Amino acid sequence: MDKIVSLAKRRGFIFPGSDIYGGLANTWDYGPFGVELKNNLKSAWWKSCVHERSDIYGMDASILMHPKVWEASGHIENFFDLKSDCKSCKKRFKAAELSDHKKCPECGGELTEERPFNLMFKTHQGPIEDGSSQIYLRPETAQGMFVNFSNIMDSRHPKLPFGLAQIGKAFRNEITPGNFTFRTREFEQMEIEYFVRPQDADKVLQEWIDYRFNWYLNLGIKKESLRKRKHPKEELAHYAAACTDLEYKFPFGWNELEGIANRTDFDLRQHAQASGKDLRFFDDASKERFYPYIIEPSGGVDRSVLAFLADAYHEEKVKKDTRVVLKLHKDLSPVKVAVLPLLRNRPEIVELAKKIAAGLKKHLICVYDDTGAIGKLYRRQDEIGTMYCVTVDVQSLEDKQVTVRDRDTMLQERISIDRLEEYLKNKLA
Ligand code: ATP
(Lines give C-alpha, C1' and ligand atoms only; values in the text may rest on other atoms or scores of the structure.)
Protein backbone atom coordinates (compact mmCIF):
# COMPACT_ATOMS: atom_id res chain seq x y z
CA MET A 1 0.00 0.00 0.00
CA ASP A 2 2.83 2.41 0.87
CA LYS A 3 4.33 1.81 -2.56
CA ILE A 4 1.04 2.66 -4.28
CA VAL A 5 0.52 5.82 -2.21
CA SER A 6 4.07 6.90 -2.92
CA LEU A 7 3.85 6.19 -6.67
CA ALA A 8 0.50 8.02 -6.81
CA LYS A 9 2.10 11.14 -5.38
CA ARG A 10 5.46 10.89 -7.19
CA ARG A 11 3.89 10.49 -10.61
CA GLY A 12 0.99 12.91 -10.25
CA PHE A 13 -1.96 10.56 -9.73
CA ILE A 14 -3.18 11.43 -6.22
CA PHE A 15 -1.93 14.06 -3.76
CA PRO A 16 -2.85 14.64 -0.10
CA GLY A 17 -5.56 17.34 0.02
CA SER A 18 -4.53 20.86 1.14
CA ASP A 19 -0.96 19.56 1.21
CA ILE A 20 0.83 22.90 1.80
CA TYR A 21 -1.22 23.40 4.97
CA GLY A 22 -0.22 20.04 6.33
CA GLY A 23 -3.21 18.32 4.72
CA LEU A 24 -6.87 18.02 5.72
CA ALA A 25 -7.24 14.53 7.15
CA ASN A 26 -8.40 11.93 4.64
CA THR A 27 -8.93 14.29 1.72
CA TRP A 28 -7.17 13.55 -1.56
CA ASP A 29 -6.70 15.52 -4.76
CA TYR A 30 -6.40 13.82 -8.15
CA GLY A 31 -3.45 15.13 -10.18
CA PRO A 32 -2.87 15.15 -13.96
CA PHE A 33 -2.73 11.36 -14.46
CA GLY A 34 -5.18 10.58 -11.64
CA VAL A 35 -7.91 12.65 -13.24
CA GLU A 36 -7.32 10.95 -16.62
CA LEU A 37 -7.48 7.51 -15.01
CA LYS A 38 -10.61 8.42 -13.08
CA ASN A 39 -12.29 9.91 -16.18
CA ASN A 40 -11.39 6.81 -18.20
CA LEU A 41 -12.90 4.60 -15.51
CA LYS A 42 -16.11 6.64 -15.44
CA SER A 43 -16.30 6.57 -19.26
CA ALA A 44 -15.86 2.79 -19.28
CA TRP A 45 -18.71 2.47 -16.75
CA TRP A 46 -20.95 4.88 -18.67
CA LYS A 47 -20.26 3.03 -21.93
CA SER A 48 -21.10 -0.36 -20.42
CA CYS A 49 -24.08 0.80 -18.33
CA VAL A 50 -25.64 3.50 -20.54
CA HIS A 51 -24.38 3.73 -24.13
CA GLU A 52 -24.16 0.02 -24.92
CA ARG A 53 -27.66 -0.66 -23.57
CA SER A 54 -31.04 0.54 -24.73
CA ASP A 55 -32.78 0.17 -21.35
CA ILE A 56 -30.83 2.71 -19.27
CA TYR A 57 -31.03 6.50 -19.21
CA GLY A 58 -28.27 8.76 -17.89
CA MET A 59 -28.86 11.50 -15.30
CA ASP A 60 -26.99 14.14 -13.36
CA ALA A 61 -28.99 15.33 -10.35
CA SER A 62 -28.10 18.02 -7.81
CA ILE A 63 -26.03 17.32 -4.73
CA LEU A 64 -28.31 19.57 -2.68
CA MET A 65 -31.84 18.24 -2.34
CA HIS A 66 -35.01 19.11 -0.44
CA PRO A 67 -34.54 18.02 3.21
CA LYS A 68 -37.79 16.05 2.97
CA VAL A 69 -36.00 13.66 0.59
CA TRP A 70 -33.85 12.45 3.48
CA GLU A 71 -36.78 12.15 5.84
CA ALA A 72 -38.70 10.04 3.31
CA SER A 73 -35.66 7.93 2.38
CA GLY A 74 -35.10 7.06 6.03
CA HIS A 75 -31.62 8.59 6.13
CA ILE A 76 -32.41 11.03 8.94
CA GLU A 77 -33.71 8.23 11.11
CA ASN A 78 -31.52 5.31 10.05
CA PHE A 79 -28.32 6.44 8.40
CA PHE A 80 -25.99 6.24 11.35
CA ASP A 81 -23.10 4.28 12.76
CA LEU A 82 -22.78 3.54 16.46
CA LYS A 83 -19.90 5.43 18.02
CA SER A 84 -18.18 5.39 21.35
CA ASP A 85 -15.94 8.12 22.83
CA CYS A 86 -12.93 7.74 25.08
CA LYS A 87 -13.47 9.62 28.32
CA SER A 88 -9.74 10.34 28.73
CA CYS A 89 -8.22 10.99 25.28
CA LYS A 90 -11.56 12.07 23.71
CA LYS A 91 -10.96 9.98 20.57
CA ARG A 92 -14.09 8.71 18.80
CA PHE A 93 -14.46 5.13 17.54
CA LYS A 94 -16.89 3.22 15.35
CA ALA A 95 -18.44 0.66 17.72
CA ALA A 96 -18.33 -2.07 15.05
CA GLU A 97 -14.55 -1.77 14.90
CA LEU A 98 -13.93 -2.04 18.66
CA SER A 99 -12.88 -5.47 19.89
CA ASP A 100 -13.16 -4.48 23.55
CA HIS A 101 -16.20 -2.28 24.11
CA LYS A 102 -15.04 -1.09 27.53
CA LYS A 103 -11.50 0.16 26.92
CA CYS A 104 -10.06 2.73 24.49
CA PRO A 105 -7.78 0.98 21.96
CA GLU A 106 -5.48 4.04 21.93
CA CYS A 107 -4.95 4.89 25.61
CA GLY A 108 -6.83 2.21 27.56
CA GLY A 109 -9.23 4.83 29.00
CA GLU A 110 -12.89 4.22 29.73
CA LEU A 111 -15.33 4.39 26.83
CA THR A 112 -18.77 6.02 26.82
CA GLU A 113 -21.91 4.04 25.97
CA GLU A 114 -22.46 3.46 22.27
CA ARG A 115 -24.52 6.23 20.71
CA PRO A 116 -25.85 6.66 17.17
CA PHE A 117 -23.98 9.15 15.00
CA ASN A 118 -25.70 10.34 11.82
CA LEU A 119 -23.33 10.27 8.86
CA MET A 120 -24.95 13.06 6.85
CA PHE A 121 -23.12 16.36 6.43
CA LYS A 122 -25.31 19.31 7.33
CA THR A 123 -25.13 22.78 5.85
CA HIS A 124 -27.38 25.81 5.35
CA GLN A 125 -28.93 27.10 2.18
CA GLY A 126 -29.22 30.88 1.77
CA PRO A 127 -27.99 33.77 3.92
CA ILE A 128 -29.81 32.88 7.14
CA GLU A 129 -28.45 30.03 9.20
CA ASP A 130 -31.49 28.88 11.11
CA GLY A 131 -33.24 25.54 11.39
CA SER A 132 -35.48 26.22 8.40
CA SER A 133 -32.49 26.66 6.07
CA GLN A 134 -30.73 23.44 7.08
CA ILE A 135 -30.04 21.04 4.26
CA TYR A 136 -27.73 18.06 3.70
CA LEU A 137 -24.98 17.08 1.29
CA ARG A 138 -26.31 13.92 -0.34
CA PRO A 139 -24.88 10.70 1.17
CA GLU A 140 -25.75 8.73 -2.00
CA THR A 141 -26.62 9.71 -5.57
CA ALA A 142 -29.55 7.26 -5.64
CA GLN A 143 -32.21 9.61 -4.26
CA GLY A 144 -31.66 12.05 -7.15
CA MET A 145 -32.87 9.29 -9.45
CA PHE A 146 -35.89 8.26 -7.37
CA VAL A 147 -37.22 11.82 -7.14
CA ASN A 148 -36.96 12.09 -10.95
CA PHE A 149 -38.86 8.86 -11.58
CA SER A 150 -42.00 10.66 -12.78
CA ASN A 151 -39.98 13.13 -14.91
CA ILE A 152 -38.39 10.21 -16.71
CA MET A 153 -41.76 8.47 -17.14
CA ASP A 154 -43.28 11.63 -18.63
CA SER A 155 -40.36 12.56 -20.88
CA ARG A 156 -39.10 9.13 -22.06
CA HIS A 157 -42.12 6.78 -21.60
CA PRO A 158 -39.96 3.73 -20.82
CA LYS A 159 -41.29 0.20 -20.47
CA LEU A 160 -40.20 -2.10 -17.65
CA PRO A 161 -37.51 -3.09 -17.04
CA PHE A 162 -35.52 0.11 -17.38
CA GLY A 163 -32.89 1.93 -15.39
CA LEU A 164 -31.37 5.28 -14.51
CA ALA A 165 -27.63 5.78 -14.18
CA GLN A 166 -25.66 8.52 -12.53
CA ILE A 167 -22.10 9.30 -11.51
CA GLY A 168 -21.54 11.96 -8.89
CA LYS A 169 -20.17 13.08 -5.57
CA ALA A 170 -21.55 11.84 -2.27
CA PHE A 171 -20.60 12.84 1.27
CA ARG A 172 -20.56 10.87 4.51
CA ASN A 173 -19.16 12.10 7.79
CA GLU A 174 -17.43 8.76 8.38
CA ILE A 175 -16.22 8.13 11.95
CA THR A 176 -13.10 6.31 10.82
CA PRO A 177 -12.03 7.18 7.28
CA GLY A 178 -8.73 5.76 6.07
CA ASN A 179 -6.76 3.38 3.87
CA PHE A 180 -5.89 6.11 1.37
CA THR A 181 -8.87 6.78 -0.93
CA PHE A 182 -10.75 3.66 0.20
CA ARG A 183 -12.86 5.43 2.81
CA THR A 184 -13.13 9.21 2.66
CA ARG A 185 -15.80 11.71 3.62
CA GLU A 186 -16.15 13.07 0.10
CA PHE A 187 -16.22 10.49 -2.68
CA GLU A 188 -17.78 9.69 -6.00
CA GLN A 189 -20.35 7.00 -6.70
CA MET A 190 -21.52 5.35 -9.89
CA GLU A 191 -25.02 4.06 -9.38
CA ILE A 192 -27.81 2.44 -11.34
CA GLU A 193 -31.42 2.25 -10.23
CA TYR A 194 -33.01 -0.51 -12.31
CA PHE A 195 -36.82 -0.71 -12.15
CA VAL A 196 -38.35 -4.17 -12.57
CA ARG A 197 -41.61 -6.03 -12.01
CA PRO A 198 -41.54 -7.24 -8.37
CA GLN A 199 -41.71 -10.90 -9.44
CA ASP A 200 -38.53 -10.45 -11.55
CA ALA A 201 -36.44 -8.83 -8.82
CA ASP A 202 -34.51 -11.93 -7.67
CA LYS A 203 -33.56 -12.97 -11.21
CA VAL A 204 -32.53 -9.44 -12.25
CA LEU A 205 -30.49 -8.99 -9.08
CA GLN A 206 -28.45 -12.05 -10.04
CA GLU A 207 -28.04 -10.77 -13.62
CA TRP A 208 -26.69 -7.45 -12.39
CA ILE A 209 -24.29 -9.15 -9.95
CA ASP A 210 -22.81 -11.09 -12.88
CA TYR A 211 -22.83 -8.10 -15.26
CA ARG A 212 -20.95 -5.90 -12.83
CA PHE A 213 -18.55 -8.69 -11.76
CA ASN A 214 -17.58 -9.24 -15.39
CA TRP A 215 -17.11 -5.51 -15.97
CA TYR A 216 -14.21 -5.48 -13.49
CA LEU A 217 -12.73 -8.64 -14.99
CA ASN A 218 -13.02 -7.30 -18.55
CA LEU A 219 -11.07 -4.21 -17.49
CA GLY A 220 -8.26 -6.38 -16.21
CA ILE A 221 -8.91 -7.04 -12.51
CA LYS A 222 -7.41 -10.43 -11.67
CA LYS A 223 -10.04 -13.11 -11.13
CA GLU A 224 -8.46 -14.28 -7.88
CA SER A 225 -8.69 -10.74 -6.47
CA LEU A 226 -12.45 -10.33 -6.93
CA ARG A 227 -15.24 -12.16 -5.13
CA LYS A 228 -18.95 -11.95 -4.39
CA ARG A 229 -20.21 -11.81 -0.82
CA LYS A 230 -23.90 -12.14 0.01
CA HIS A 231 -25.05 -10.11 3.02
CA PRO A 232 -26.57 -12.00 5.92
CA LYS A 233 -29.98 -10.60 7.00
CA GLU A 234 -28.64 -8.65 9.98
CA GLU A 235 -26.21 -6.72 7.77
CA LEU A 236 -28.81 -5.43 5.30
CA ALA A 237 -29.46 -1.67 5.05
CA HIS A 238 -32.89 -0.44 6.20
CA TYR A 239 -34.23 -0.39 2.61
CA ALA A 240 -32.79 -3.66 1.28
CA ALA A 241 -34.29 -7.15 0.92
CA ALA A 242 -31.05 -8.64 -0.40
CA CYS A 243 -27.54 -7.45 -1.20
CA THR A 244 -24.34 -8.91 -2.59
CA ASP A 245 -21.06 -7.05 -2.39
CA LEU A 246 -18.34 -7.33 -4.98
CA GLU A 247 -15.17 -7.37 -2.93
CA TYR A 248 -11.61 -6.73 -4.02
CA LYS A 249 -8.53 -8.09 -2.32
CA PHE A 250 -6.93 -4.77 -1.39
CA PRO A 251 -3.42 -4.75 0.09
CA PHE A 252 -5.18 -4.26 3.47
CA GLY A 253 -7.59 -7.17 2.94
CA TRP A 254 -10.87 -8.09 1.22
CA ASN A 255 -13.19 -5.10 1.12
CA GLU A 256 -16.29 -3.81 -0.63
CA LEU A 257 -15.91 -2.31 -4.07
CA GLU A 258 -19.57 -2.25 -5.03
CA GLY A 259 -22.86 -3.28 -3.46
CA ILE A 260 -25.72 -4.70 -5.56
CA ALA A 261 -28.99 -4.55 -3.67
CA ASN A 262 -32.67 -5.29 -4.07
CA ARG A 263 -34.16 -2.06 -2.63
CA THR A 264 -37.71 -3.39 -3.19
CA ASP A 265 -40.32 -0.66 -3.69
CA PHE A 266 -39.25 1.03 -0.45
CA ASP A 267 -37.99 4.30 -1.97
CA LEU A 268 -40.80 4.92 -4.46
CA ARG A 269 -43.44 4.17 -1.83
CA GLN A 270 -41.80 6.45 0.71
CA HIS A 271 -41.46 9.34 -1.75
CA ALA A 272 -45.02 8.86 -3.01
CA GLN A 273 -46.31 9.06 0.53
CA ALA A 274 -44.16 12.05 1.54
CA SER A 275 -44.70 14.09 -1.65
CA GLY A 276 -48.31 13.15 -2.32
CA LYS A 277 -47.39 12.26 -5.94
CA ASP A 278 -48.43 9.00 -7.55
CA LEU A 279 -45.15 7.24 -8.31
CA ARG A 280 -46.62 3.97 -9.49
CA PHE A 281 -45.83 2.56 -12.91
CA PHE A 282 -48.77 2.28 -15.30
CA ASP A 283 -48.69 -0.88 -17.37
CA ASP A 284 -50.39 -0.21 -20.73
CA ALA A 285 -51.04 -3.87 -21.47
CA SER A 286 -52.70 -4.91 -18.22
CA LYS A 287 -53.93 -1.38 -17.29
CA GLU A 288 -52.47 -1.98 -13.83
CA ARG A 289 -50.70 0.54 -11.62
CA PHE A 290 -47.99 -0.76 -9.28
CA TYR A 291 -44.70 0.15 -7.64
CA PRO A 292 -41.76 -1.45 -9.45
CA TYR A 293 -38.93 -2.99 -7.43
CA ILE A 294 -35.48 -1.49 -7.70
CA ILE A 295 -32.21 -3.32 -8.26
CA GLU A 296 -29.28 -1.08 -7.43
CA PRO A 297 -25.66 -1.68 -8.44
CA SER A 298 -23.80 0.99 -6.45
CA GLY A 299 -20.05 1.33 -6.89
CA GLY A 300 -17.43 3.78 -5.73
CA VAL A 301 -15.31 5.59 -8.30
CA ASP A 302 -12.45 6.25 -5.89
CA ARG A 303 -12.44 2.70 -4.53
CA SER A 304 -12.39 1.36 -8.08
CA VAL A 305 -9.50 3.64 -9.05
CA LEU A 306 -7.62 2.34 -6.00
CA ALA A 307 -8.41 -1.29 -6.87
CA PHE A 308 -7.28 -0.84 -10.48
CA LEU A 309 -4.09 0.90 -9.32
CA ALA A 310 -3.34 -1.88 -6.82
CA ASP A 311 -4.10 -4.58 -9.38
CA ALA A 312 -1.97 -2.93 -12.08
CA TYR A 313 1.07 -2.36 -9.87
CA HIS A 314 3.92 -4.69 -10.88
CA GLU A 315 7.56 -4.91 -9.99
CA GLU A 316 9.66 -6.86 -12.47
CA LYS A 317 13.31 -7.80 -12.58
CA VAL A 318 14.90 -6.47 -15.77
CA LYS A 319 18.57 -7.48 -15.88
CA LYS A 320 19.94 -6.05 -12.64
CA ASP A 321 17.18 -3.47 -12.18
CA THR A 322 13.65 -3.57 -10.86
CA ARG A 323 11.10 -2.11 -13.24
CA VAL A 324 7.92 -0.69 -11.70
CA VAL A 325 5.11 -0.78 -14.22
CA LEU A 326 1.39 -0.06 -14.01
CA LYS A 327 -0.20 -2.67 -16.24
CA LEU A 328 -3.50 -0.84 -16.60
CA HIS A 329 -6.02 -1.92 -19.24
CA LYS A 330 -5.61 0.13 -22.43
CA ASP A 331 -8.99 1.81 -21.90
CA LEU A 332 -7.95 2.96 -18.43
CA SER A 333 -4.33 4.00 -18.98
CA PRO A 334 -4.08 7.74 -18.43
CA VAL A 335 -1.62 8.13 -21.31
CA LYS A 336 -1.77 6.04 -24.47
CA VAL A 337 1.44 7.20 -26.14
CA ALA A 338 4.58 9.08 -25.13
CA VAL A 339 6.85 10.55 -27.79
CA LEU A 340 10.48 10.70 -26.69
CA PRO A 341 13.49 12.09 -28.56
CA LEU A 342 16.53 9.83 -28.13
CA LEU A 343 18.93 12.80 -28.21
CA ARG A 344 17.53 15.96 -26.73
CA ASN A 345 20.49 18.10 -27.81
CA ARG A 346 19.79 17.53 -31.52
CA PRO A 347 17.25 20.19 -32.60
CA GLU A 348 16.14 18.27 -35.76
CA ILE A 349 15.27 15.23 -33.64
CA VAL A 350 13.46 17.31 -31.02
CA GLU A 351 11.54 19.14 -33.73
CA LEU A 352 10.47 15.93 -35.48
CA ALA A 353 9.43 14.34 -32.15
CA LYS A 354 7.35 17.40 -31.21
CA LYS A 355 5.71 17.36 -34.64
CA ILE A 356 4.79 13.68 -34.28
CA ALA A 357 3.40 14.29 -30.78
CA ALA A 358 1.31 17.26 -31.96
CA GLY A 359 -0.19 15.11 -34.74
CA LEU A 360 -1.00 12.21 -32.41
CA LYS A 361 -2.54 14.49 -29.76
CA LYS A 362 -5.48 15.11 -32.07
CA HIS A 363 -6.41 11.42 -31.88
CA LEU A 364 -4.96 9.93 -28.69
CA ILE A 365 -3.89 10.99 -25.25
CA CYS A 366 -0.24 11.61 -25.97
CA VAL A 367 2.57 13.29 -24.03
CA TYR A 368 5.94 14.57 -25.17
CA ASP A 369 8.89 14.26 -22.81
CA ASP A 370 12.54 15.25 -23.32
CA THR A 371 13.55 15.87 -19.73
CA GLY A 372 15.92 12.95 -19.28
CA ALA A 373 17.92 10.14 -20.81
CA ILE A 374 15.88 7.49 -22.59
CA GLY A 375 16.17 4.89 -19.81
CA LYS A 376 14.78 7.34 -17.29
CA LEU A 377 11.98 8.40 -19.66
CA TYR A 378 10.92 4.78 -20.20
CA ARG A 379 10.89 4.15 -16.44
CA ARG A 380 8.72 7.21 -15.90
CA GLN A 381 6.22 6.15 -18.58
CA ASP A 382 6.11 2.58 -17.21
CA GLU A 383 5.16 3.96 -13.80
CA ILE A 384 2.34 5.97 -15.36
CA GLY A 385 1.15 2.94 -17.32
CA THR A 386 1.68 4.53 -20.75
CA MET A 387 0.81 1.91 -23.38
CA TYR A 388 3.38 2.82 -26.05
CA CYS A 389 6.59 4.84 -26.18
CA VAL A 390 7.58 6.25 -29.56
CA THR A 391 11.28 7.05 -29.82
CA VAL A 392 12.68 9.37 -32.44
CA ASP A 393 16.40 8.89 -33.20
CA VAL A 394 19.04 10.01 -35.72
CA GLN A 395 18.00 7.31 -38.14
CA SER A 396 14.39 8.60 -38.05
CA LEU A 397 15.57 11.75 -39.85
CA GLU A 398 16.66 9.62 -42.78
CA ASP A 399 14.38 6.59 -42.96
CA LYS A 400 11.28 8.40 -41.62
CA GLN A 401 10.68 5.59 -39.13
CA VAL A 402 10.39 5.54 -35.35
CA THR A 403 10.72 2.86 -32.69
CA VAL A 404 7.53 1.85 -30.90
CA ARG A 405 7.98 0.13 -27.53
CA ASP A 406 5.20 -1.94 -25.99
CA ARG A 407 4.75 -1.32 -22.23
CA ASP A 408 4.10 -4.91 -21.21
CA THR A 409 6.43 -6.90 -23.46
CA MET A 410 9.05 -4.11 -23.84
CA LEU A 411 9.42 -5.36 -27.43
CA GLN A 412 10.35 -2.69 -29.93
CA GLU A 413 9.20 -2.34 -33.51
CA ARG A 414 10.29 0.06 -36.27
CA ILE A 415 7.25 1.78 -37.80
CA SER A 416 7.06 4.29 -40.61
CA ILE A 417 5.93 7.74 -39.43
CA ASP A 418 3.24 7.74 -42.14
CA ARG A 419 1.68 4.61 -40.68
CA LEU A 420 2.19 5.46 -37.00
CA GLU A 421 -1.24 6.90 -36.23
CA GLU A 422 -3.05 3.99 -37.88
CA TYR A 423 -0.72 1.45 -36.20
CA LEU A 424 -1.38 2.91 -32.73
CA LYS A 425 -5.12 3.29 -33.29
CA ASN A 426 -5.34 -0.41 -34.26
CA LYS A 427 -3.34 -1.46 -31.21
CA LEU A 428 -5.52 0.62 -28.89
CA ALA A 429 -8.89 -0.21 -30.51
P1 ATP B 1 -18.97 0.55 3.68
O2 ATP B 1 -19.63 -0.67 4.27
O3 ATP B 1 -17.59 0.31 3.16
O4 ATP B 1 -19.10 1.77 4.54
P5 ATP B 1 -21.40 0.98 2.35
O6 ATP B 1 -21.92 -0.42 2.29
O7 ATP B 1 -21.91 1.92 3.34
O8 ATP B 1 -19.81 0.92 2.38
P9 ATP B 1 -22.83 1.78 0.07
O10 ATP B 1 -23.77 2.62 0.81
O11 ATP B 1 -23.26 0.47 -0.47
O12 ATP B 1 -21.49 1.60 0.92
O13 ATP B 1 -22.19 2.68 -1.09
C14 ATP B 1 -21.92 2.17 -2.38
C15 ATP B 1 -20.48 2.32 -2.75
O16 ATP B 1 -20.02 3.65 -2.53
C17 ATP B 1 -19.53 1.45 -1.94
O18 ATP B 1 -19.47 0.16 -2.48
C19 ATP B 1 -18.23 2.18 -2.10
O20 ATP B 1 -17.58 1.81 -3.31
C21 ATP B 1 -18.64 3.62 -2.18
N22 ATP B 1 -18.45 4.25 -0.87
C23 ATP B 1 -19.30 4.26 0.18
N24 ATP B 1 -18.79 4.93 1.22
C25 ATP B 1 -17.57 5.38 0.81
C26 ATP B 1 -16.55 6.15 1.44
N27 ATP B 1 -16.69 6.63 2.67
N28 ATP B 1 -15.44 6.42 0.72
C29 ATP B 1 -15.29 5.96 -0.53
N30 ATP B 1 -16.22 5.24 -1.16
C31 ATP B 1 -17.35 4.94 -0.52
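Just so you know, these numbers come straight off a predicted model, no measurement behind them. When a ligand or atom number is given, it counts from 1 through the structure's own listing order. In this chain, residues are counted from 1 in sequence order.
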query = If you look only at pairs with a residue in residues 129-148, which of them pass as a salt bridge (charged side-chain N to carboxylate O under 4.0 Å, His left out), with sequence neighbours excluded?
reply =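 Non-adjacent pairs meeting salt bridge (charged side-chain N to carboxylate O under 4.0 Å, His left out): Glu140-Arg263.
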message = Once salt bridge (charged side-chain N to carboxylate O under 4.0 Å, His left out) is applied, what residue pairs with a partner in residues 63-80 remain, sequence neighbours excluded?
response =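 Those involving residues 63-80 do not exist here.
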query = Which protein residues have a heavy atom closer than 4.0 Å to any atom of ligand 1, listed by chain and number?
reply =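 Answer by chain and number: Arg172, Glu174, Phe182, Arg183, Thr184, Phe187, Gln189, Glu256, Leu257, Glu258, Gly259, Ser298, Gly299, Gly300, Arg303.
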task = Apply ring pair (Phe, Tyr, Trp, His ring centres under 6.0 Å) to Phe182 and list each qualifying residue two or more places apart in sequence or on a separate chain.
result =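 Here the qualifying residues are Phe250, Phe252.
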message = A side-chain contact here means heavy atoms from C-beta on lying under 4.5 Å apart; do Val339 and Leu360 qualify?
response =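 Answer yes - side chains close enough.
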Note, Leu41 side chain near Leu332 side chain (heavy atom, < 4.5 Å) =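 The answer is yes, as the side chains (C-beta and beyond) meet within the 4.5 Å cut-off.
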key: With Asp85, the salt bridge (Lys or Arg N to Asp or Glu O under 4.0 Å) member among Lys94, Lys91, Arg92   =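 Testing Asp85 for a salt bridge (Lys or Arg N to Asp or Glu O under 4.0 Å) against Lys94, Lys91, Arg92 leaves exactly one candidate, Arg92.
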